Enquirer: 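Provided herewith is a single structure, encoded as structure tokens, for subsequent inquiry.
Numbers here are sequence positions counted from 1. All figures in this text were calculated on a predicted structure; none of them were measured in a lab.
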Amino acid sequence: MTKLNKKAALVSFIVCAVLLVLCCVGGNVSASAAQIGAEKAASSKFAGGSGTASDPYLISNETQLLAINNNLTAHYRLTNDITLSNYEWIPIGGYYNGSESDVFNGTLDGSGYSISNLQRYSDITVKNDRIYFGMFSRIGSSGVVKNLTMSNCKISMAGPNVNNSKLRVFVGAVAGSVRGIISSVSVYGTVNYDIQANGMSYVGSVAGAAYAARVTNCTNYAVITSGRYSGGAGGIAGHSAYTTFNSCANYGEIIAKCTSWGGSAAAGGIVGELYQNNVQNWWDYFVSCYSSESLLSTKDFGGGPTRKKYTGQHYAAPSPYEYY
């Protein structure tokens, strides 16, 4: 090969090497740009923040509140009071006991503000023998909701009217069920689920059911009603297992119903029905909690000799059979 050809070959090699490096760098730049673009798109749905614990997404309106559905593990904070539109609420996470990806395991800090006008009147179709309703469907073991007032709740459902003894319905203003932390939450308005049909319903101001949760400094002022074949109504939770309630109080009327042909009605100041078995550490703990028993009542849908009715300041009836 001549010196000229060798020089040309060397130049060609260098040019190709430079181009290759530029392509690789350009690809990385493009990938980084795409990632940054996605993060900015997510942030643009909120009033600010990046969704971390130290820099939570900021929520200032209903649209931003609904955007929690896009990331159920991020951190959020309200920046003002929010009044929801006059429509039937669909829980964040859906109605049903689906996968763990449907469970809220993030943080919502109300910062002392309120969410008003949460409402639901229409029936929810049964799926897998379970229905969950609340602002959230289910709150997981890593989920936190705190420093929030739920005002003017208008939840009043009477169905579905299905003959299903396995059906369990969980209704609360904050969530259908809770396994995480609820702190400094107050509820006002009406939280009602009431129909004469087979199955069981559990209704509370905070949650339909609380399992291995920690509920602190929560107060109910709402009217709570729960009724199916059996109904558990509680000032804070309709059903509970292995949960600690600390400094919680009820000042709202609590009504539990059962059918005339059987079942039971349990109306408790803090919890309606409490899971207990022979292992004491499965039991719940009530620390500095209050409710007047004069606010508690049980009814049925027309009378009957087999009905069972229970009331209690902390909880109404122990249940050794089921936990949720």
Enquirer: Out of curiosity, does Leu72 fall in the hydrophobic cluster containing Ile182 (side-chain heavy atoms, cut-off under 4.5 Å, transitive links)?
Expert: yes
Enquirer: Please determine which of Ser288, Cys218, Ser240 meets the side-chain contact (heavy atoms from CB on, under 4.5 Å) test together with Phe245.
Expert: Ser240
Enquirer: Do the side chains of Asp194 and Lys257 get close enough for a salt bridge, i.e. N-O under 4.0 angstrom?
Expert: yes
Enquirer: What I want to check is whether the side chains of Glu62 and Tyr87 have a donor and an acceptor closer together than 3.5 Å.
Expert: yes
Enquirer: Verify the cluster assignment for Leu65 and Tyr57: are they in a single hydrophobic cluster under the rule of side-chain heavy atoms below 4.5 Å apart?
Expert: yes
Enquirer: Let me check something: do Leu118 and Ile59 share a hydrophobic cluster, defined by ILVMFWY side-chain heavy atoms less than 4.5 Å apart, either directly or through other members?
Expert: yes
Enquirer: May I ask whether Met150 and Tyr113 are part of the same hydrophobic cluster, defined by side-chain heavy atoms of I, L, V, M, F, W, Y residues being less than 4.5 angstrom apart, directly or through others?
Expert: yes
Enquirer: Are Asp102 and Arg138 close enough that some pair of their side-chain heavy atoms sits under 4.5 Å apart?
Expert: yes
Enquirer: So if you build clusters from Ile, Leu, Val, Met, Phe, Trp, Tyr with side-chain heavy-atom gaps below 4.5 Å, do Tyr221 and Ile155 land together?
Expert: no
Enquirer: Looking at Asp109, Thr216, Thr149, Asn217, which one forms a side-chain hydrogen bond (donor to acceptor under 3.5 Å, both in side chains) with Ser184?
Expert: Asn217
Enquirer: Going through the distances and angles, do Phe136 and Val145 end up as a side chain to side chain contact (heavy atoms under 4.5 Å, CB included)?
Expert: CA-CA 10 Å; Phe136 294 94; Val145 175; 4.0 Å; yes
Enquirer: May I ask you to test the Ile82-Asn61 pair for a side-chain heavy-atom distance under 4.5 Å?
Expert: no
Enquirer: When you compare the side chain of Tyr275 with that of Tyr211, does any pair of heavy atoms fall below 4.5 Å?
Expert: no
Enquirer: What I'd like to find out is whether the side chain of Leu167 reaches to under 4.5 Å of the side chain of Val126, using heavy atoms alone.
Expert: yes
Enquirer: Looking only at non-hydrogen atoms, find the nearest pair between Ile255 and Ala233 and report the distance.
Expert: O-CB, 3.4 Å
Enquirer: Nearest 0.5 Å please: distance from the OG atom of Ser50 over to the CG atom of Asp55.
Expert: 3.5 Å
Enquirer: Would you find more than 12 non-hydrogen atoms of other residues, nucleotides or ligands less than 6.0 Å from Lys146 atom NZ?
Expert: no
Enquirer: Determine the minimum heavy-atom distance between Trp89 and Pro91, stating which atoms define it.
Expert: NE1-CA, 3.5 Å
Enquirer: Suppose we screen for side chain to side chain contact (heavy atoms under 4.5 Å, CB included). Which residues come up paired with Arg120, at least two apart in sequence or across chains?
Expert: Glu88, Ile90, Tyr95, Ser122, Ile124, Phe133, Met157
Enquirer: Applying side chain to side chain contact (heavy atoms under 4.5 Å, CB included), run through Tyr76 and Leu58 and close with a yes or a no.
Expert: CA-CA 6 Å; Tyr76 304 89; Leu58 302 181; over 6 Å; no
Enquirer: When rounded to the nearest 0.5 angstrom, what is the spacing between CG in Asn192 and CD1 in Ile224?
Expert: 9.0 Å
Enquirer: Would you say the side chain of Ile115 lies within less than 4.5 Å of the side chain of Leu84, judging by non-hydrogen atoms?
Expert: yes
Enquirer: Write down the atom of Thr79, the atom of Ser60, and the distance for their closest heavy-atom approach.
Expert: OG1-CB, 3.3 Å
Enquirer: What are the two closest non-hydrogen atoms of Thr259 and Asp300, and how far apart are they?
Expert: O-CB, 4.4 Å
Enquirer: Do the side-chain N and O atoms of Asn117 and Thr83 include a donor-acceptor pair separated by under 3.5 angstrom?
Expert: no
Enquirer: Go through it in stages, so that I can follow the logic: the residues are Thr219 and Tyr251, the test is side chain to side chain contact (heavy atoms under 4.5 Å, CB included), and I'd like the CA-CA distance, side-chain angles, deciding distance and then a yes or no.
Expert: CA-CA 8 Å; Thr219 308; Tyr251 299 98; 3.7 Å; yes
Enquirer: Identify the two heavy atoms, one from Phe46 and one from Ala67, that lie closest to each other, and give their separation to 0.1 Å.
Expert: CZ-CB, 3.7 Å
Enquirer: Below 4.5 Å, heavy atoms only, C-beta onward: do Cys289 and Ile270 meet side chain to side chain?
Expert: yes
Enquirer: Taking only residues two or more places apart in sequence, or in another chain, which ones meet Ser201 in a side chain to side chain contact (heavy atoms under 4.5 Å, CB included)?
Expert: Val169, Tyr193, Ser226, Arg228
Enquirer: Return the minimal non-hydrogen interatomic distance between Tyr310 and Thr298, and the atom names on each side.
Expert: O-CG2, 3.4 Å
Enquirer: Could you walk me through whether Val271 and Ile236 pass the side chain to side chain contact (heavy atoms under 4.5 Å, CB included) check?
Expert: CA-CA 6 Å; Val271 173; Ile236 303 299; 5.7 Å; no
